[in-house]
Amino acid sequence: MSEYKAPKMYGRKVAFSTRFTPDQHRLAAEAAARSGLSMAEYLGALIERDAGRTNKLDNPQEAELPLKNTA
């Protein structure tokens, strides 16, 4: 992998563009709805969970941008 380059910021967030199969999209939409998160929040929580960080799936009361999760 090439060296990481910081993306362009849009306020306090960055865009994340990807493509999913229709089945993956449906599964993500259903799981996000069950957890009360938007699809973007759901995908972000999965990324944080995979990295071993606290996230909105395992800790629903987690603040939107907790200081301990920002680097």
Side-chain angles (χ1 to χ4, degrees):
M1 187 171 125
S2 62
E3 191 171 324
Y4 176 77
K5 295 178 185 176
K8 180 179 178 183
M9 299 291 292
Y10 295 93
R12 294 178 59 159
K13 305 220 177 199
V14 297
F16 188 79
S17 178
T18 190
R19 297 182 191 279
F20 295 99
T21 65
D23 191 49
Q24 289 171 327
H25 186 274
R26 180 184 53 78
L27 291 169
E30 290 170 352
R34 278 193 309 273
S35 62
L37 301 173
S38 69
M39 283 184 58
E41 289 173 317
Y42 177 74
L43 294 174
L46 289 176
I47 292 166
E48 289 171 336
R49 177 189 273 175
D50 187 57
R53 297 171 122 181
T54 59
N55 61 77
K56 290 182 178 182
L57 290 170
D58 299 329
N59 188 8
Q61 62 275 12
E62 183 75 22
E64 188 167 306
L65 287 174
L67 294 178
K68 63 184 174 186
N69 277 354
T70 57

What residues form a salt bridge (charged side-chain N to carboxylate O under 4.0 Å, His left out) with R26, not counting sequence neighbours? D23, E30

Residues joined to L37 in its hydrophobic cluster, side chain to side chain under 4.5 Å directly or through other members, sorted by chain and number, are F20, Y42, L43, L46, L57

Under the side chain to side chain donor-acceptor pair (under 3.5 Å) rule, collect the residues that match up with T21, sequence neighbours excluded. Q24

Could you tell me if the side chain of K56 sits less than 4.5 Å from the side chain of E48, heavy atoms only? no

Listed by chain and number, what are the side-chain contact (heavy atoms from CB on, under 4.5 Å) partners of F16, not counting sequence neighbours? T18

What's in the same ILVMFWY side-chain cluster as L27, cut-off under 4.5 Å, chained through other members? none

Output all residues satisfying side-chain contact (heavy atoms from CB on, under 4.5 Å) with P22, sequence neighbours left out; order by chain, then residue number. none

Please give me the minimum heavy-atom distance between S38 and A32, naming the atom from each residue. O-CB, 3.9 Å

